[in-house]
Amino acid sequence: MTSTVLTVATMGEAASAVAQGATFFAGGTIIMRDINAGTAAASLVRTTDPSLKQIRISGETVTLGAGVTMANILANRDLAFLHPVARLVGGPQVRNMGTVGGNLFAPHPYGDFAVALLALGARVVMAGQGGARPVDDLLRDGTRSPGLVAAVEFARPRSGTFGFLKVSRVKPKGVSVLSVSALLPREGGRIRGARVAWGAMGPRPQRGTSAERALEGQSLTAETMGRAAAAAAEGLNPETDAIATDWYRREVAGVHLRRMLEQMERG
Ligand SMILES: Cc1cc2nc3c(=O)[nH]c(=O)nc-3n(C[C@H](O)[C@H](O)[C@H](O)COP(=O)(O)OP(=O)(O)OC[C@H]3O[C@@H](n4cnc5c(N)ncnc54)[C@H](O)[C@@H]3O)c2cc1C
């Protein structure tokens, strides 16, 4: 099937086209494969609206336009805490084209950046709709886009409270055996509001609620890390694919969670 690509000037026009059934074309790193295979939607829409590429840091709030690429993030010094995440998405070509918005809808085992956004407790701003919704809801709903994502926003994490680790077989740009990220804010040395997120441990990035329970209210000691590692795979149902079996993913989840927590603890 041939696809038509409509280019519009504003987010509003793009959102209307999406509402009428068009598929949004962002960086195209996933969609281009479908176009080449003749399986893409008949109607695609893209926009040149500059707001899609905006990075705004206002006080403690970071807002990333959905069209911000991994390379844009790596070029921004104020987003240094996200560099270890963006650097591990594909190779240079993918990072130059692949966007924050597209990563939210990337199928298993992709979606590494979405894992970090989930740990950060990001909120998703939909074009043409008021307010923002938790990224948790969007990721739970699956890879079918519910409209046009305009931006994601989140609080910049305090130093030493955010961690990310990706495990792949091919270095440096292989896809994930798994990825894991955490936000561990502290009050008086105790973790308050722990968020742990997993990638490739299920069909979509998801919260690691068992590990969160093990961490909540505790100091980040070796004992706490051990308890979180022991609980890591509870409630997760990873898939078997060419990269790893579901058994292997479950088996190594705790080891990698503990490694990431140790890295965070060292600062
Ligand atoms: C060789 C290769 C290696 C890769 N490696 C990785 C990797 O290591 N880690 C990883 O996470 N991903 C990886 N990917 C997947 C992909 O490149 C990234 O996930 C990228 O961020 C997708 O963004 P995009 O802008 O290219 O999406 P597109 O291909 O443009 O779109 C993908 C989907 O998202 C939807 N979409 C895009 N933007 C929006 C929006 N603003 N609102 C609503 N829907 C939207 C599109 O309609 C489409 O359904 C890889 C891909 C390739 C080809």
Side-chain angles (χ1 to χ4, degrees), residues 3 5-8 11 14-19 21-37 39-47 49 51-54 64-74 82 84-118 122 124-129 132-133 135 138-139 141-152 164-181 197-200 204-205 242-243:
S3 301
V5 184
L6 173 70
T7 301
V8 295
M11 287 296 282
S16 302
V18 169
T23 295
F24 190 65
F25 185 114
T29 56
I30 293 171
I31 285 187
M32 273 314 294
R33 284 198 289 206
D34 297 338
I35 293 180
N36 291 335
T39 57
S43 171
L44 302 170
V45 63
R46 58 185 286 276
T47 178
D49 192 325
S51 72
L52 202 65
K53 289 213 152 271
Q54 248 175 25
L64 303 177
V68 168
T69 63
M70 300 300 136
N72 294 150
I73 288 166
L74 287 166
L82 286 172
V85 188
R87 197 176 291 123
L88 292 174
V89 174
Q93 298 94 329
V94 166
R95 290 195 289 273
N96 276 332
M97 304 298 292
T99 64
V100 169
N103 206 267
L104 291 172
F105 301 101
H108 168 89
Y110 296 147
D112 297 314
F113 199 81
V115 172
L117 291 176
L118 185 57
V124 179
V125 181
M126 303 299 295
Q129 300 173 20
R133 57 191 290 215
V135 73
L138 189 94
L139 292 171
D141 290 348
T143 50
R144 241 188 103 70
S145 160
L148 178 61
V149 174
V152 293
F164 177 85
L165 186 144
K166 171 172 168 174
V167 184
S168 55
R169 291 192 191 280
V170 183
K171 304 258 177 347
K173 57 176 187 175
V175 294
S176 284
V177 170
L178 62 81
S179 56
V180 59
S181 184
W198 293 100
R204 306 286 294 129
I243 309 295

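Ligands are counted one by one from 1 in listed order, and the atoms in each one are counted from 1 as well.
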Quiz item: For ligand 1, is there an N or O atom under 3.5 Å from any N or O atom of G90?
Solution: yes
Quiz prompt | Main-chain N/O of V89 paired with D112 side-chain donor or acceptor, under 3.5 Å | solution = no
Quiz item: Taking N or O atoms only and a 3.5 Å limit, does V94 qualify as a polar contact for ligand 1?
Solution: no
Exercise. Give, for atom CE of M97 and atom CD1 of I30, the distance between the pair rounded to the nearest 0.5 Å.
Key: 12.5 Å
Quiz item: Which distance, rounded to the nearest 0.5 Å, do you find between the CD1 of I73 and the CG of L64?
Solution: 5.5 Å
Quiz prompt | Short N or O distance, F25 and ligand 1, threshold 3.5 Å exclusive | solution = no
Quiz prompt | Main-chain N/O of P107 paired with R204 side-chain donor or acceptor, under 3.5 Å | solution = no
Quiz item: Should the proximity of I30 to ligand 1, defined as any heavy atom under 4.0 Å, be assigned to the side chain, the backbone, both, or neither?
Solution: both
Quiz item: Which residue from F113, Y110, F105 reaches closest to atom 45 (C) of ligand 1 through any of its heavy atoms?
Solution: F105
Quiz item: Going by heavy atoms, is L88 under 4.0 Å from ligand 1?
Solution: yes
Practice problem: Taking only heavy atoms of G111 into account, list the atoms of ligand 1 that are under 4.0 Å away from them. | Solution: 10 (C), 11 (O)
Quiz item: So is there a nitrogen or oxygen of D112 less than 3.5 Å from a nitrogen or oxygen in ligand 1?
Solution: yes
Quiz item: For ligand 1, which atoms sit closer than 4.0 Å to a heavy atom of I31?
Solution: 29 (O), 31 (O), 46 (C), 48 (C)
Quiz prompt | T29 N/O to ligand 1 N/O under 3.5 Å | solution = yes
Practice problem: Using distance alone, determine whether M70 and ligand 1 share an N or O pair under 3.5 Å. | Solution: no
Quiz item: Side chains of P146 and R133: does their closest heavy-atom pair fall under 4.5 Å?
Solution: yes
Practice problem: May I ask you to check if ligand 1 and A66 share an N or O to N or O distance below 3.5 Å? | Solution: no
Self-check item: Any M32 heavy atom less than 4.0 Å to ligand 1
Solution: no
Quiz item: Can an N or O of V175 be found at a distance shorter than 3.5 Å from an N or O of ligand 1?
Solution: no
Exercise. To the nearest 0.5 Å, tell me how far T23 OG1 sits from D34 CG.
Key: 9.0 Å
Practice problem: Of the side chain and backbone of A106, name the one, both, or neither that has a heavy atom under 4.0 Å from an atom of ligand 1. | Solution: side chain
Practice problem: Flag the pair I243 / V175 as yes when at least one side-chain heavy-atom distance between them is below 4.5 Å, and no otherwise. | Solution: yes
Quiz item: What distance separates L88 CG from L165 CG, expressed to the nearest 0.5 Å?
Solution: 8.5 Å
Quiz item: Do any heavy atoms of G147 fall under 4.0 Å from ligand 1?
Solution: yes
Quiz item: What part of K166, side chain, backbone, both or neither, has a heavy atom within less than 4.0 angstrom of ligand 1?
Solution: side chain
Practice problem: Output the distance between atom CZ (F25) and atom CG (L6), rounded to the nearest 0.5 Å. | Solution: 13.0 Å
Quiz item: What pair of heavy atoms forms the shortest contact from L52 to A150, and how long is it?
Solution: CD1-O, 4.1 Å
Self-check item: Over all atoms of both residues, closest heavy-atom pair of A200 and P109
Solution: CB-CB, 4.2 Å
